[in-house]
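Scope of the values below: all heavy atoms of this structure, side chains included, with no hydrogens, waters or symmetry mates.
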Amino acid sequence: MRRLISLLLFLSMSGLMTLQRTQVADSAAPDYDIIIRNGRVVDGSGRAGFNADIAIKDDHITRIGNLRGAKAKREIDARGQDVAPGFIDMLGQSEQYVLIDPRAMSKVMMGVTTEITGEGESIAPVNDRILKEQEDFNRRFNLTVDWRTFDEYFKRLDKQGAGVNLGSFVGATQVREYVIGYDNRPPTTAELEQMKKLVADAMKDGALGVSTSLQYVPARFAKTDEIVELAKVAHQYGGIYITHQRSEANAIDDSMKEVFEIARRANIPAEIWHFKTAYKKNWGRMPEMLQRIAAARRRGLKITADVYPYVAGSTSLSACLPPWALEGGTDKMIARLKDPLTRDRLKKEITTDSKDWENIYLGSGGPGGILIGSVTNRELESWQGKRLSEIATAQSKDPLDALFDFIIADHGQTGAIFFMMQESDMNAALKSPFISICTDSGARATDGPLAGSKSHPRGWGTYPRILGRYVRDEKLMPLELAIHKMTGLPAANVGLKQRGLLREGYFADITIFDPKSVIDRATFEEPNQYPVGINYVIVNGQIEVDNGQRTPTNSGRVLRGRWYCDRYEGTLCAPPKIEVP
């Protein structure tokens, strides 16, 4: 009996000691994965910044406040720095680039954690006709297109991973190309129904809405009624309408009316991408255009817009040609440029001002206002960063002949920069309360497969440029308003769930920067330079920039639209609900 009592006592004491050791171990275990201490929190709502610590567990923010007694696996001392939501690029253009180089270096290094894309031509749906137009680009970068729908693309991106979260619109141009091709004609009744079904399928797969790029061919061939019908479909699935409007220059008055008409008839929120008043004859008109948007908002229309902080735009060099020269696709365009009689006609039209099309060559002041950005033909790389006027002089050619020959040599794939805006107009837009921020540029890097080409500096420096030049140095707007334009405002406009703000229970997308040193370094001639002052970038709870250095982590996710998120349980549309102690 005594032996039994002794054995029971021994087991009881052993269990107590084991329990005590477990409790000690538990008390020593970290409470969180990351704690950001001593920073000034600018939460993305527009309200004044405040001092607080932020705790992260897994992929979401768990606590905001005084966390003096808490422990974490990793602690970041943000003393003297501002802690903001990760920046949201309202037009990013990286849908292909993140498959070629998943790091999204130029975006992550300037604090971008989320990118919105799909400007008229979107990553899906695709068919053989569309793939033929893309084959030069895909061949150059060894990109295999193994998807046809948005769902298939999203699954590939989720499997591969990327440095940024990515959400996309379905392009009205894309579905037009899919069904009609590149011809200048309206869709038949049956074709329009097919286009509407493609939009519906994309929305069910998680597209954020429907987009247009109406300045360009073949989007320019679409009439307002066609766009309204596609926008109505997007509205049925909780999406918005977003547009590169039909004119940003000589015909901007009618173009703005069309934006408002589409929003009204489709009963859908509308956003104007990279809002501007371009070409010298339209300089000074931005305040008037902002007043028109404000008046439309007072009438009940949900109209917003976004801008980038540069006086030059960027698009294809072939955009210098009138619409009829681009009809039918790249091969037909090249054939026209090789014909002497057609060249003579083009020279007359390009040197004549008109409201019938966006004459970006004339609007940029001619060849001296056009800079070659990126090329697909490697033999042309030495011309990147050169003005068209320099190329014409070096080749002893008439500037328009130099233009036509360059388009031919690069098979219509050249990206160019056009100097066509003025600073005061841009500043007026930047300050407006309903204007958010975009880059209109794909993610690149100073090394890797995308390093050989140049682009617009906006893809390397937009957000540090605003924080450093326009907020700190020129005091154009308060820091809190600037951060709201980069985070909370765009997230609300496109319906991103639990992103864009620093809130308990929200995804941990966070950018930490030094307000005293943050600035862009990219220039038009030498754009491929990362900014300074962006010290930490966290995407879905994972550190991607650590004390100014890029880590190997690519923790971005696909962001699907409202309809998809509302219907599918277990997705990553929203973080798990947490109980805050």
Enquirer: Could you tell me whether Arg550 and Glu544 make a salt bridge, using a distance below 4.0 angstrom between a side-chain N and a carboxylate O?
Expert: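 Yes, charged N to carboxylate O under 4.0 Å.
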Enquirer: Test your reading of the model: is there a side-chain donor-acceptor pair from Asn377 to the backbone of Glu379, 3.5 Å cut-off?
Expert: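 Such a contact is found between Asn377 side chain and Glu379 backbone.
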Enquirer: Can Lys223 and Glu258 be counted as an ion pair, charged N to O under 4.0 angstrom?
Expert: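 Between Glu258 and Lys223 there is no salt bridge, as every charged N stays at least 4.0 Å from the carboxylate O atoms.
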Enquirer: With a 4.5 Å cut-off on side-chain heavy atoms, are Leu198 and Val179 touching?
Expert: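 Yes; the side chains approach each other to less than 4.5 Å.
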Enquirer: Using a strict cut-off of less than 4.0 Å between a Lys/Arg side-chain nitrogen and an Asp/Glu carboxylate oxygen, indicate whether Asp89 and Lys107 qualify as a salt bridge.
Expert: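 So Asp89 pairs with Lys107 through a salt bridge.
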Enquirer: Return yes if some donor-acceptor pair links the side-chain N/O of Asp401 with the main-chain N/O of Lys397 below 3.5 Å, else return no.
Expert: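 Pair absent, no side-chain N/O of Asp401 close to backbone of Lys397.
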Enquirer: Charged N to carboxylate O below 4.0 Å: is that the case for Lys454 and Glu381?
Expert: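 Looking at Lys454 and Glu381, the cut-off is not met.
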Enquirer: Do Pro457 and Thr523 have side chains that get closer than 4.5 Å, going by heavy atoms?
Expert: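 Result no, sub-4.5 Å side-chain heavy-atom pair not found.
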Enquirer: Charged N to carboxylate O below 4.0 Å: is that the case for Arg469 and Glu423?
Expert: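 Salt bridge between Arg469 and Glu423, a charged N being under 4.0 Å from a carboxylate O: yes.
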Enquirer: Given 3.5 Å as the limit, does a donor-acceptor pair link the side chain of Ser432 with the main chain of Ala429, or not?
Expert: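 Looks like no, no N/O pair under 3.5 Å.
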Enquirer: At what distance, to the nearest 0.5 angstrom, does OG1 of Thr243 lie from CZ of Phe275?
Expert: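 One finds 11.5 Å between OG1 of Thr243 and CZ of Phe275.
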Enquirer: Counting only N and O atoms by type, is there a donor-acceptor contact under 3.5 Å from the side chain of Asp425 to the main-chain atoms of Gly284?
Expert: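 Yes, Asp425 side chain to Gly284 backbone: donor-acceptor pair under 3.5 Å.
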Enquirer: Can a donor-acceptor pair be found between the side chains of Tyr279 and Ser364 at a distance below 3.5 Å?
Expert: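 No.
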Enquirer: Are any of the side-chain nitrogens in Asp254 or Arg246 under 4.0 Å away from the carboxylate oxygens of its partner?
Expert: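 Answer for the salt bridge query: no.
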Enquirer: Say whether Asp353 and Asn359, considering side chains only, have a donor N or O and an acceptor N or O under 3.5 Å apart.
Expert: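 The criterion, which ignores hydrogens and geometry beyond distance, is not satisfied for Asn359 and Asp353.
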Enquirer: Taking the basic N atoms (NZ, or NE/NH1/NH2) and the acidic carboxylate oxygens, is any pair closer than 4.0 Å for Arg265 and Asp225?
Expert: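 A salt bridge links Arg265 with Asp225.
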Enquirer: Under a 4.5 Å cut-off applied to non-hydrogen side-chain atoms, are Arg220 and Trp357 in contact?
Expert: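 Answer yes - side chains close enough.
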Enquirer: Is the Lys NZ or Arg CZ of Arg345 less than 6.0 Å from the centre of Trp324's six-membered ring, within 45° of the axis?
Expert: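 Flagged: Arg345 positioned over aromatic ring of Trp324.
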Enquirer: Without hydrogens or angle criteria, can the side chains of Asp440 and His456 be said to hold a donor-acceptor pair below 3.5 Å?
Expert: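 Result is no, nothing qualifies.
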Enquirer: Flag the pair Arg521 and Glu526 as a salt bridge only when some basic side-chain nitrogen lies within less than 4.0 angstrom of an acidic carboxylate oxygen.
Expert: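 No.
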Enquirer: Out of the candidates Trp147, Tyr153, Phe154, only one should pair with Phe150 under the ring pair (Phe, Tyr, Trp, His ring centres under 6.0 Å) rule; please name it.
Expert: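 Among Trp147, Tyr153, Phe154, the one meeting ring pair (Phe, Tyr, Trp, His ring centres under 6.0 Å) with Phe150 is Phe154.
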Enquirer: With no hydrogens and no angle check, is any side-chain donor or acceptor of Glu152 less than 3.5 Å from a backbone partner on Thr149?
Expert: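 Side chain of Glu152 to backbone of Thr149, a donor-acceptor pair under 3.5 Å: yes, one is there.
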Enquirer: Between Gln413 and Phe137, is there a side-chain heavy-atom distance shorter than 4.5 Å?
Expert: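 Side chain of Phe137 against side chain of Gln413, heavy atoms only: contact under 4.5 Å found.
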Enquirer: Are the charged groups of Arg387 and Glu390 less than 4.0 angstrom apart, N to O?
Expert: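 No, no charged N to carboxylate O under 4.0 Å.
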Enquirer: Will you find, in the side chains of Ser455 and Trp460, an N or O donor that is under 3.5 Å from an N or O acceptor?
Expert: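 Indeed, the side chains of Ser455 and Trp460 share at least one donor-acceptor pair under 3.5 Å.
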Enquirer: Can a donor-acceptor pair be found, under 3.5 Å and without considering hydrogens, that links the side chain of Trp283 to the backbone of Met420?
Expert: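 Yes; at least one donor-acceptor contact below 3.5 Å.
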Enquirer: Is any side-chain N of the basic residue among Asp410 and Arg378 closer than 4.0 Å to the acidic one's carboxylate O?
Expert: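 No, no charged N to carboxylate O under 4.0 Å.
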Enquirer: Is a salt bridge present between Glu288 and Arg292, judged by a nitrogen-to-oxygen distance below 4.0 Å?
Expert: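 Judged by the 4.0 Å cut-off on N to carboxylate O distance, Glu288 and Arg292 do form a salt bridge.
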Enquirer: Inspect the surroundings of NZ in Lys280 and state if more than 12 heavy atoms from other residues, nucleotides or ligands are less than 6.0 Å away.
Expert: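 No, not enclosed.
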Enquirer: Is it true that the side chains of Ser168 and Thr117 contain a donor and an acceptor less than 3.5 Å apart?
Expert: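 No donor-acceptor contact under 3.5 Å links the two side chains.
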Enquirer: Met426 versus Met421: any side-chain heavy-atom pair under 4.5 Å?
Expert: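 Answer no - side chains too far apart.
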Enquirer: Between Phe419 and Phe524, does the ring centroid distance fall short of 6.0 Å?
Expert: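 Yes, the ring of Phe419 comes within the 6.0 Å limit of the ring of Phe524, centre to centre.
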Enquirer: Give a yes or no answer on whether the side chain of Ser122 reaches the backbone of Ala124 with a donor-acceptor pair at less than 3.5 Å.
Expert: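 Present.
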Enquirer: Does a donor on one side chain and an acceptor on the other come within less than 3.5 Å for Tyr463 and Thr439?
Expert: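 Judged by distance alone, the side chains do not pair up.
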Enquirer: Say whether Thr114 and Asn165, considering side chains only, have a donor N or O and an acceptor N or O under 3.5 Å apart.
Expert: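 Indeed, the side chains of Thr114 and Asn165 share at least one donor-acceptor pair under 3.5 Å.
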Enquirer: Is any side-chain heavy atom of Tyr237 closer than 4.5 Å to one of Val199?
Expert: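 Not in contact.
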Enquirer: May I ask you to check whether His274 and Gln245 show a side-chain donor-acceptor distance below 3.5 Å?
Expert: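 Distance-only check fails for His274 and Gln245.
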Enquirer: Under the 3.5 angstrom rule, does the side chain of Gln174 hit a backbone N or O of Pro125 as a donor-acceptor pair?
Expert: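 Yes, because the side chain of Gln174 sits within donor-acceptor range (under 3.5 Å) of the backbone of Pro125.
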Enquirer: We want to know whether Glu358 and Ser247 form a side-chain donor-acceptor pair, criterion being a heavy-atom distance below 3.5 angstrom.
Expert: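 Yes, side-chain donor-acceptor contact under 3.5 Å.
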Enquirer: With respect to Tyr97, which candidate in Arg444, Glu115, Arg103 satisfies the side chain to side chain contact (heavy atoms under 4.5 Å, CB included) definition?
Expert: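 For Tyr97, the side chain to side chain contact (heavy atoms under 4.5 Å, CB included) test succeeds with only one of Arg444, Glu115, Arg103, which is Arg444.
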Enquirer: Is the backbone of Glu191 close enough, under 3.5 Å, to the side chain of Thr188 for a donor and an acceptor to pair up by distance?
Expert: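 Indeed, once roles are kept as given, a pair shorter than 3.5 Å links the two residues.
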Enquirer: Test the Arg465-Tyr310 pair against the cation-pi criterion, namely NZ or CZ under 6.0 angstrom from the six-membered ring centroid and within 45° of the ring axis.
Expert: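 Judged by the rule (NZ or CZ under 6.0 Å from the ring centre, within 45° of its axis), Arg465 counts as positioned above Tyr310.
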Enquirer: Taking the basic N atoms (NZ, or NE/NH1/NH2) and the acidic carboxylate oxygens, is any pair closer than 4.0 Å for Asp331 and Lys132?
Expert: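 Result for this pair is yes, salt bridge flagged.
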Enquirer: Does a salt bridge link Arg285 with Asp253, judged by any charged N lying under 4.0 Å from a carboxylate O?
Expert: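 Salt bridge present between Arg285 and Asp253.
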Enquirer: Thinking salt bridges, do Asp158 and Arg557 make one under a 4.0 Å N-O criterion?
Expert: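 Salt bridge between Asp158 and Arg557, a charged N being under 4.0 Å from a carboxylate O: no.
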Enquirer: Is the shortest side-chain N to carboxylate O distance from Arg343 to Asp339 below 4.0 Å?
Expert: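 Here Arg343 does not pair with Asp339 in a salt bridge, since their nearest N and O are not under 4.0 Å apart.
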Enquirer: Can you name the one residue among Lys159, Arg156, Lys155 that meets salt bridge (Lys or Arg N to Asp or Glu O under 4.0 Å) with Asp146?
Expert: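 Exactly one option meets the salt bridge (Lys or Arg N to Asp or Glu O under 4.0 Å) with Asp146, and it is Arg156.
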Enquirer: Indicate whether the side chain of Glu119 and that of Ser211 have a donor and an acceptor atom separated by less than 3.5 Å.
Expert: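 Note: Glu119 and Ser211 side chains miss the donor-acceptor criterion.
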